[in-house]
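Notes follow the structure.
First listed ligand is number 1; within each ligand, the first listed atom is number 1. What you see is a predicted model, and the numbers here were worked out from it, not measured in a lab.
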Amino acid sequence: MKGSRTKGTTTIEVGAHGVALITIINPPVNSLSSDVLSSLKDSYEQALRRDDVKAIVITGAKGKFSGGADISAFEKVQEGKVNEPAPDFKLSEVLGDTLEAAKKPSVAAIDGLALGGGLEVAMACHARISTPTARLGLPELQLGLIPGFGAMNSRTFDSIYGTQRLPRLVGIAKALEMMLTSKTVKGEEAHALGLVDAVVPPNELVSAACQWALDISECRRPWIASLYKTEKLDSLGEAREIFKFARAQAQKQAPNLIHPLVCIDVVEHGIVSGPRAGLYKEFESFQELVRSYISKSLVHIFFSLRGTTKIPGITDLGLVPRQVKKVAVLGGGLMGSGIATALILSNYPVILKEVNDQFMQAGIGRVRANLQSRVKKGKMTQEEFEKTLSLLKGSHDYESFIDVDMVIEAVIENVSLKQQIFSDLEKYCPPHCILASNTSTIDLNLIGKQTKSQDRIIGAHFFSPAHVMPLLEIVRTKQTSPQVIVDLMDVGKKIRKTPVVVGNCTGFAVNRMFFPYTQAAILLVEHGVDLYEIDRVITKFGMPMGPFRLADLVGFGVAIATGMQFVENFAERTYKSLLLPLMQEDKRGGETTRKGFYLYDDRRKAKPDPELRKYIEKARSISGVAVDPKLARLPEKDIVEMIFFPVVNEACRVFAEGIAVKAADLDIASVMGMGFPPYRGGIMFWADSFGSKYIYSRLEEWSKTYGEFFEPCAFLAERSAKGAPLSSPVDHATSRL
Ligand SMILES: C[C@H](O)CC(=O)SCCNC(=O)CCNC(=O)[C@H](O)C(C)(C)COP(=O)(O)OP(=O)(O)OC[C@H]1O[C@@H](n2cnc3c(N)ncnc32)[C@H](O)[C@@H]1OP(=O)(O)O
């Protein structure tokens with residue numbers, strides 16, 4: 001699959017007017033594989049040699065300029081399969097610019113996208129013409145890299161160098177913003193910034209670019225080498241201030257990441273010491289970064305994200321998703337209203353059903369508030385607000401369900417209530433209608449037990465707030481039909497969620513991984529680790545918040561109810577503690593009650609509470625646990641391991657049971673559902689950086705001292721005995737899929 005992307009070519013066509021049109025062809029995004037680059041260099045040299053060519057236009061086939069360097073090539077470097085970048089890189093090669101210093105002018109004709117190396121090629125041309133909808137950007141930082149195309153391809157097509165050209169075209173501050181946020185700009189904005197020279201409709205793109213190239217060659221327009229432009233550059237003093245501010249921002253936003261700082265250093269070096277020195281630094285830094293753990297992790301996440309939609313036996317059957325025209329959501333609470341918001345934002349007409357008018361109005365009110373907050377943030381106009389909200393209709397009965405194509409049930413986690421609802425749905429909805437439940441823990445077979453519609457029952461597990469969180473856990477039972485899975489995946493994609501398809505069990509994949517996360521934290525606290533220290537260390541590790549701050553946010557009611565499901569189903573590995581119930585008894589229910597593990601002021605700012613000691617001591621005495629002096633002085637590294645290795649242990653069980661098709665799906669589920677830092681590659685990828693033997697031995701050691709909660713599972717024992725990675729495919733899983 002990834003291998004097929006390394007092909008590709010370019011074509012060259014010389015028109016009567018003397019312009020050579022070079023087209024990059026490498027579907028689906030015209031990535032710059034080494035084959036494409038060699039061919040680009042050949043075509044370019046041919047154009048330079050030919051007497052009938054006065055000027056050159058570079059474009060991309062099928063309305064896409066280029067999605068940048070071939071990311072699978074980085075993966076090969078990272079896996080040690082190839083030894084690129086070329087070790088025989090010489091500065092003379094840098095000086096021998098292929099594009100910018102050539103004797104004939106070149107113009108980039110940009111439609112669709114010009115990203116990363118794609119934009120770098122365009123910036124090395126002497127002018128750029130784009131369509132209004134084209135997206136231009138340098139998103140390399142998302143892959144743990146810096147724009148450094150020349151470094152990667154010094155043998156074939158050298159001196160493209162994005163970190164040096166973008167500041168000279170759009171100014172230092174805007175260039176840093178574009179690189180550090182990886183955000184793209186559209187044609188018109190790119191024009192206003194000076195990144196492109198003209199914006200034209202798609203059907204005029206190539207002819208306008210050809211004319212522009214001729215104009216340059218015939219001296220009617222300026223011949224501009226962006227590397228040597230200076231008018232957009234600030235004075236050195238101003239530039240230093242911009243770099244200082246950017247560094248402070250980068251450190252604040254991503255304290256664990258080095259590559260944003262490297263990017264700033266490289267840009268600064270080019271400004272202070274000149275573009276050539278900047279180019280050399282870019283090359284050196286790129287070589288280091290491409291082999292870094294962070295880049296490996298982020299490249300792994302890039303492909304794993306796209307891999308979630310490839311499910312053997314489902315997505316390879318050639319099924320076409322059916323059109324879902326109308327959706328009903330049952331329950332207007334926090335989840336139901338969030339789901340309805342996500343749907344109407346993507347233009348799905350939605351019926352929101354509640355038990356009575358009061359609840360229905362409250363549900364619609366929540367949707368309205370969700371949309372209003374978008375208006376406030378400038379993400380939506382008032383007119384769009386009205387139009388979007390008009391897609392939502394309230395109802396208290398099932399009469400209007402006669403023509404819905406999908407129902408998503410989002411009522412409270414009560415088995416008999418859900419069973420009743422699904423029996424009703426079977427009666428009122430058309431026979432093709434998809435019957436989905438947003439349950440976060442309950443077995444779907446139980447929910448659909450009283451129906452004959454098991455083949456169209458499916459889990460659509462959203463994460464709160466549902467209109468914001470990017471993950472959609474799609475749960476299939478053994479009876480769910482492949483067509484229904486494909487339909488829900490399609491709706492998921494349309495509402496901009498990443499769907500991860502998992503098997504049916506209590507807690508599915510994400511909540512099963514979450515369960516030991518909170519449990520381990522409570523166990524450590526009862527054994528003497530400071531609660532706020534745990535949250536601090538876990539946040540420093542890269543989670544959006546620590547386990548206790550999260551419990552406050554979710555609310556103790558939900559946390560206790562979910563916990564009960566796990567106690568019932570996985571009693572042997574549950575650490576039983578009364579800490580949460582004791583606090584709840586005292587009306588400390590988390591953030592909504594202004595008191596949980598933290599105290600909250602009017603602006604929801606969390607503050608530690610010394611009072612907590614009394615609850616911890618009481619819970620400790622009920623559990624019969626004594627403070628372990630060793631744990632009271634636990635180093636940060638051990639806190640991280642004692643919290644996350646139990647999560648790895650559960651992820652291994654989920655994988656071994658076949659709940660997840662591949663380990664990479666658990667990486668995505670952990671990143672998008674739990675907030676696990678993407679630059680650590682996801683839970684299984686991170687675990688493999690320690691090795692199965694190490695994790696197994698640590699868990700075994702702790703299980704002897706602190707009990708069954710830590711006991712390593714059979715899968716971990718087996719992988720450890722073989723010294724095998726945890727993420728290698730499972731051979732004999734008793735698949736639940
Ligand atoms: C040295 C240089 O400075 C470094 C670089 O240039 S690094 C590369 C910079 N470019 C990027 O980061 C862009 C990455 N790609 C994207 O953001 C998106 O794919 C896109 C906006 C181009 C297209 O999005 P979308 O239409 O939703 O398609 P998407 O599903 O993401 O991609 C389609 C296929 O192209 C592949 N693909 C996309 N960009 C690719 C790339 N640059 N290299 C290799 N494969 C790529 C995807 O893996 C996917 O493959 P699959 O069908 O086998 O799963």
Result of checking I495, I339, T341 against H467 for side chain to side chain contact (heavy atoms under 4.5 Å, CB included): T341
Have a look at R168 and tell me which of T230, I271, I224 forms a side chain to side chain contact (heavy atoms under 4.5 Å, CB included) with it. I271
E120 contact mode with ligand 1 (heavy-atom cut-off under 4.0 Å): side chain
Just to be sure I read this right, does ligand 1 sit under 4.0 Å from the backbone of L145, its side chain, both, or neither, counting only heavy atoms? neither
Quick one: sort the F685 and H300 rings into parallel, tilted or perpendicular, breaks at 30° and 60°. parallel
Applying side chain to side chain donor-acceptor pair (under 3.5 Å) between Q78 and each of S292, S295, S297, report the one that passes. S295
For ligand 1, which atoms, with element, lie under 4.0 Å from some heavy atom of [X]?
| X | result |
| --- | --- |
| F286 | 1 (C) |
| P147 | 3 (O) |
| G117 | 5 (C), 6 (O) |
| I71 | 8 (C), 14 (C), 41 (C), 42 (N), 43 (N), 44 (C) |

What do you reckon, does K64 put a non-hydrogen atom under 4.0 Å from ligand 1? no
Here the side-chain hydrogen bond (donor to acceptor under 3.5 Å, both in side chains) pairs for residues 252-264, sequence neighbours left out, are N256-Y679
With nothing but distance in play, are any N or O atoms of [X] less than 3.5 Å from an N or O of ligand 1?
| X | result |
| --- | --- |
| R306 | yes |
| F74 | no |
| P139 | no |
| A69 | yes |
| S72 | no |

Please compare [options] and report which has the shortest non-hydrogen distance to [atom].
| atom | options | result |
| --- | --- | --- |
| atom 11 (C) of ligand 1 | S66, G68, G67 | G67 |
| atom 40 (C) of ligand 1 | V29, D70, V121, L305 | V29 |
| atom 35 (O) of ligand 1 | G116, G137, P28 | P28 |

Does a side-chain heavy-atom distance below 4.5 Å link I668 with I301? yes
Does the structure place the NZ or CZ of R306 under 6.0 Å from the centre of the six-membered ring of F302, at an angle of no more than 45° from the ring's axis? yes
Pair F286-E140, side chain to side chain contact (heavy atoms under 4.5 Å, CB included): steps then yes or no: CA-CA 11 Å; F286 188 93; E140 284 90 340; 5.7 Å; no
